[in-house]
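See structure below.
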Amino acid sequence: MSFKTDVIGHWEKTSTSPCSEQYPDRLEFQDKGLYFGQRDPKGSYTHWDAGTWEAVGDNQVKLSTANDAVITYAVQLKGGVLKFTDAQKCEIEYRKRS
């Protein structure tokens with residue numbers, strides 16, 4: 001398999017660090033290059049609300065953000081755990097939901 005196919009599906013945030021607060025509690029990646037993020041309570045601001053995503057190799061992903069910027073993040077996918085690292089070195093970790 002590859003990152004592009006393995007990332008498809010629903011993810012739940014496991015990070016609890018203050019820097020990860022701006023990121024969604026749940027993510028869904030779709031195979032046509034769209035994603036959707038949601039924070040609790042519903043309607044709360046999230047930096048990744050909905051937009052496009054594109055894998056750049058197996059260790060980077062481009063995401064369109066809430067302000068329409070397209071940002072490249074370092075990413076690791078291993079054993080059902082998806083970890084993003086942003087420009088400020090904040091690590092945001094998600095676990096795949098079954």
Task: Other residues, nucleotides, ligands: >12 heavy atoms within 6.0 Å of K96 NZ - done: yes

Open item on the list: If hydrophobic residues (ILVMFWY) are linked whenever their side-chain heavy atoms come closer than 4.5 Å, directly or via other members, who joins F36 in its cluster?
Closed with: L34

Task: Shortest non-hydrogen contact between G51 and S64, atoms and distance - done: CA-OG, 3.2 Å

Open item on the list: If I compare all heavy atoms of T46 with all of A66, which pair ends up nearest, and what's the gap?
Closed with: O-CB, 3.6 Å

- [ ] Output the distance between atom CG (L77) and atom CG (D6), rounded to the nearest 0.5 Å.
- [x] 5.5 Å

Open item on the list: Within the structure provided, determine whether Y73 and L63 are in side-chain contact (heavy-atom separation under 4.5 Å).
Closed with: yes

Open item on the list: Rounded at 0.5 Å granularity, tell me how far CD1 in I92 sits from CG in L82.
Closed with: 10.0 Å

Open item on the list: Taking the side chain as everything from C-beta on, heavy atoms only, tell me whether E28 gets closer than 4.5 Å to Q38.
Closed with: no

Open item on the list: Please report the interatomic distance CG(D40) to CG(D25), rounded to the nearest 0.5 Å.
Closed with: 5.0 Å

Task: Where C90 and S17 come nearest, the two heavy atoms and their spacing - done: SG-OG, 4.4 Å

TODO: Quick one: pull up CZ in R26 and NE2 in H10 and give me the separation to the nearest 0.5 Å.
DONE: 11.0 Å

Task: Nearest heavy atoms of W11 and V81, plus distance in Å - done: CZ3-C, 4.2 Å

TODO: For residues P24 and Y94, determine if any side-chain heavy atom of one lies less than 4.5 Å from a side-chain heavy atom of the other.
DONE: yes

Open item on the list: Holding to ring pair (Phe, Tyr, Trp, His ring centres under 6.0 Å), I want the full list of residues that pass it with Y35, two or more places apart in sequence or in another chain.
Closed with: none

Task: Pairs where residues 41-57 contributes a residue and the test salt bridge (charged side-chain N to carboxylate O under 4.0 Å, His left out) is met, not counting sequence neighbours - done: none

Task: Qualifying salt bridge (charged side-chain N to carboxylate O under 4.0 Å, His left out) pairs with a residue from residues 73-85, counting only residues at least two apart or across chains - done: K83-E91

Task: Approximate separation, where rounding is to 0.5 Å, of K89 NZ and C19 SG - done: 12.5 Å

- [ ] Tell me, please, which residues at least two apart from Q22 pass side-chain contact (heavy atoms from CB on, under 4.5 Å).
- [x] H47, D86

Open item on the list: R97: which residues meet the salt bridge (charged side-chain N to carboxylate O under 4.0 Å, His left out) condition with it, sequence neighbours left out?
Closed with: E12

- [ ] Under the side-chain contact (heavy atoms from CB on, under 4.5 Å) rule, what do F3 and V56 come out as? Steps first, then yes or no, please.
- [x] CA-CA 9 Å; F3 178 84; V56 183; over 6 Å; no

